[in-house]
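These notes are about the structure you will find just below.
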Amino acid sequence: LPPRQDPFREAPYVSFIKSRAGHGRVMGGYGSLFPNLAGAAGLEDVRYVNSLVPLQYHSFRSRLLHAEPYDEWPLIALWFTGSPESARAVGNSPGPRYALSIRPVEADIEKKLKNYSLLGVKYFIMPAGSASMEGQGNGLNLIYDKEVRVYENTGALSRAYMAFDFEYAPSFEEAQTMAASLEGMDKAVLESRVPMEFSGGPAAYVAEIKEYSANRVLVSVTAEKNGLLVLSDVHYPGWRAVVNNEDADILRVNGLVRGVLVRKGVSQVLFLYSPTGFRAGAAASFVALALCAYLYVFTGMTKERQ
């Protein structure tokens with residue numbers, strides 16, 4: 001683990017990454033940055049310590065972010081941190097048995113870099129003095145070398161981009177596999193057909209994230225033809241989209257992330273997290289609060305009359 005630092009002062013490399021433009025995601029190896037610490041520091045980590053991650057993301061991680069597939073201990077799926085230790089199935093005895101083995105993080109990054117790029121992973125954080133991952137023609141550039149090493153992934157897709165060419169898959173698993181093998185990183189794999197007027201490219205465009213928070217994302221788009229705006233955040237129930245003040249369908253793109261069809265010209269695309277269950281719960285709470293207030297006032301008035 002890196003040397004202990006003042007927990008109330010931002011680490012220098014965190015300030016360095018924040019100073020760079022964009023919404024690029026991060027990933028640390030060998031304990032240099034764990035996902036819960038990344039969240040506290042305000043960095044957007046591609047990993048998780050969370051059992052609420054949807055099945056599609058677990059599938060993408062286990063099949064397409066490891067250098068080689070293997071039968072892993074189920075709880076590893078809840079703690080995807082880039083640690084070199086991995087729990088693999090061993091032996092032929094009845095019932096599952098698992099043992100720790102070393103799985104270098106560099107092997108995952110170097111072999112599956114394209115798949116990390118699909119998720120918009122812009123920065124990899126490794127311990128100081130670790131073996132270099134630069135200079136192998138992989139697009140990784142060492143841009144910070146002090147208390148940790150920070151590599152910039154020049155091939156990472158933007159968090160918001162446009163796609164004009166599509167392929168189609170019957171399931172999210174197949175869509176993920178196809179997306180990992182696409183030649184053009186600006187293409188997209190969908191599970192449902194889009195109208196013909198939205199396909200066929202390439203085309204010039206500008207897609208810029210204007211606002212970004214846990215429950216609200218605003219993207220400004222200018223495109224010379226119809227296309228699909230891709231926001232490389234996980235497709236998840238409860239999100240809805242509004243394009244130029246009109247409701248729009250959110251499509252699952254590459255078997256994992258969100259996409260919205262937009263027409264040529266200037267568009268404002270707003271993603272809002274507003275799950276039905278939350279709205280129903282909020283309404284029920286409001287009614288209960290109003291009833292409590294009414295009973296309080298009514299009871300007080302009754303007592304005064306007595």
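The shown structure was predicted, so the numbers you read here are calculated from the model rather than taken from an experiment.
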inquiry  = Working to the nearest 0.5 angstrom, can you tell me the gap between Ser267 OG and Met162 CE?
reply    = 8.0 Å

inquiry  = Please determine whether residues Leu218 and Ile209 belong to a single hydrophobic cluster, defined as Ile, Leu, Val, Met, Phe, Trp and Tyr linked transitively by side-chain heavy-atom distances below 4.5 Å.
reply    = no

message = Under 3.5 Å, is there a donor on one side chain and an acceptor on the other for Tyr30 and Glu106?
response = yes

request  = Can you see which heavy atom on Pro127 is nearest to which on Gly29, and at what distance?
outcome  = CD-O, 3.6 Å

key: CA sep, side-chain torsions, deciding dist, call: Val14, Leu33, side chain to side chain contact (heavy atoms under 4.5 Å, CB included)   = CA-CA 10 Å; Val14 172; Leu33 178 69; 5.7 Å; no

task = Using modelled atom types only, decide if a donor and an acceptor are shared between the side chain of Ser117 and the backbone of Leu113 within a distance under 3.5 Å.
result = yes

task = Applying side-chain contact (heavy atoms from CB on, under 4.5 Å) between Val194 and each of Asn226, Leu228, Leu261, report the one that passes.
result = Leu261

ask   = Heavy atoms, side chains only, cut-off 4.5 Å: are Glu211 and Val217 in contact?
value = no

task = Provide the closest heavy-atom pair for Ser274 versus Arg240 in the form atom of the first, atom of the second, distance.
result = CB-NE, 4.3 Å

key: Atom pair CD (Glu167) and CG (Leu190), whose distance is rounded to the nearest 0.5 Å   = 10.0 Å

query = What is the minimum heavy-atom distance between Ala160 and Ala207, and which atoms define it?
reply = O-CB, 3.9 Å

query = Are the aromatic rings of Tyr57 and His235 close, with centres under 6.0 Å apart?
reply = no

request  = Return yes if a side-chain donor-acceptor contact under 3.5 Å exists between Tyr212 and Asp233, otherwise no.
outcome  = yes

message = Would you say NZ of Lys18 has more than 12 non-hydrogen atoms from neighbouring residues, nucleotides or ligands within 6.0 angstrom?
response = yes

message = Keeping Arg149 on the side-chain end and Ser130 on the backbone end, is there a donor-acceptor pair under 3.5 Å?
response = yes

task = Establish, yes or no, whether the cationic atom of Arg193 lies under 6.0 Å from the six-membered ring centre of Tyr168 and within 45° of the ring axis.
result = yes

request  = Using the salt bridge (Lys or Arg N to Asp or Glu O under 4.0 Å) rule, collect all pairs that involve residues 115-133, keeping only residues at least two apart or in two chains.
outcome  = Lys122-Glu152

query = Given side chains that start at C-beta, do those of Arg258 and Val253 come closer than 4.5 Å, heavy atoms only?
reply = no

query = If we only count heavy atoms from C-beta on, is the Ile143 to Tyr123 side-chain gap below 4.5 Å?
reply = yes

query = Does anything in residues 53-62 pair up under salt bridge (Lys or Arg N to Asp or Glu O under 4.0 Å), and if so which pairs, sequence neighbours excluded?
reply = Arg61-Glu72

Mutual orientation of the aromatic rings belonging to Tyr48 and His58 [parallel < 30°, tilted 30-60°, perpendicular > 60°] = perpendicular

ask   = Side chains of Glu10 and Tyr13: do they bring a donor and an acceptor to under 3.5 Å?
value = no

request  = Could you tell me whether the side chain of Tyr98 reaches within less than 4.5 Å of the side chain of Val90, counting heavy atoms only?
outcome  = no

key: Nearest heavy-atom neighbours spanning Gln176 and Ser59   = OE1-OG, 3.4 Å

task = Examine distances only and state if a side-chain atom of Glu224 and a backbone atom of Ala204 form a donor-acceptor pair shorter than 3.5 Å.
result = yes

message = If the threshold is 4.0 Å, N to carboxylate O, is there a salt bridge linking Arg25 and Glu44?
response = no

task = Kindly compute the distance separating OG (Ser15) from OH (Tyr144), expressed to the nearest 0.5 Å.
result = 8.0 Å

key: Distance in Å, Ile250 CD1 paired with Leu231 CG, rounded so as to fall on 0.5 Å steps   = 9.0 Å

ask   = Within 45° of the ring axis of Trp73 and under 6.0 Å from its six-membered ring centre, is that where the NZ or CZ of Arg88 lies?
value = no

task = Find out whether Tyr151 and Asn141 are in side-chain contact, i.e. whether some heavy atom of one side chain is under 4.5 Å from a heavy atom of the other.
result = no

Least distance between heavy atoms, Glu191 atom then Gly255 atom = OE2-CA, 3.8 Å

inquiry  = Tell me if a side-chain donor or acceptor on Gln56 pairs with a main-chain N or O of Leu256 at a distance below 3.5 Å.
reply    = no

Distance flag, aromatic centroids of Tyr205 and Tyr161, threshold under 6.0 Å = no

ask   = Can you tell me if Thr222 uses its side chain to pair, donor with acceptor, with the backbone of Gly265 under 3.5 Å?
value = no

key: Stepwise side-chain hydrogen bond (donor to acceptor under 3.5 Å, both in side chains) test for Gln268 and Ser220   = CA-CA 5 Å; Gln268 301 296 316; Ser220 177; 3.2 Å; yes

request  = Take the angle between the ring planes of Trp239 and Phe271 and call it parallel below 30°, perpendicular above 60°, tilted in between.
outcome  = perpendicular

ask   = Is a donor on one side and an acceptor on the other found under 3.5 Å between the side chain of Ser32 and the backbone of Ile125?
value = yes

task = For the pair Glu134 (side chain) and Leu142 (backbone), establish whether a donor and an acceptor sit closer than 3.5 Å, ignoring hydrogens and angles.
result = yes

query = Is the number of heavy atoms from other residues, nucleotides or ligands under 6.0 Å of Lys264 NZ greater than 12?
reply = no

request  = Check whether any side-chain N or O of Asn153 sits under 3.5 Å from a backbone N or O of Gly155 as a donor-acceptor pair, and report yes or no.
outcome  = yes

task = Could you check Phe124 against Val26 for side chain to side chain contact (heavy atoms under 4.5 Å, CB included), going step by step and ending with a plain yes or no?
result = CA-CA 6 Å; Phe124 293 97; Val26 302; over 6 Å; no

Residue pairs passing the salt bridge (Lys or Arg N to Asp or Glu O under 4.0 Å) test where at least one lies in residues 90-101, sequence neighbours excluded = none

key: Candidate pair Val262 and Val269, rule side chain to side chain contact (heavy atoms under 4.5 Å, CB included), full reasoning   = CA-CA 8 Å; Val262 296; Val269 183; 3.7 Å; yes

task = For Asp249, look at atom CG and say whether over 12 heavy atoms of other residues, nucleotides or ligands are found less than 6.0 Å away.
result = no

Side-chain donor or acceptor of Lys112 paired with backbone N/O of Ala107 under 3.5 Å = no

key: CG-CZ distance between Asn254 and Phe172, expressed to the nearest 0.5 angstrom   = 13.5 Å

Residues Arg63 and Glu173 bridged, charged N to O under 4.0 Å = no

request  = Evaluate the side-chain proximity of Val234 to Val257: yes if any heavy-atom separation is below 4.5 Å, no if none is.
outcome  = no

message = By the definition side-chain contact (heavy atoms from CB on, under 4.5 Å), identify the one residue from Val243, Val219, Val230, Val221 that meets it with Val260.
response = Val243

query = Mind checking whether Pro12 and Glu147 have side chains closer than 4.5 Å, heavy atoms only?
reply = yes

query = Is the closest side-chain heavy-atom distance between Phe198 and Arg263 below 4.5 Å?
reply = yes

inquiry  = Using 0.5 Å steps for rounding, measure from the CG atom of Leu118 to the OG atom of Ser232.
reply    = 9.0 Å

ask   = Where the side chain of Arg47 meets the backbone of Gly28, is there a donor-acceptor pair that is under 3.5 Å apart?
value = yes

query = Out of Leu157, Leu64, Val121, which residue meets the side-chain contact (heavy atoms from CB on, under 4.5 Å) rule with Tyr116?
reply = Val121

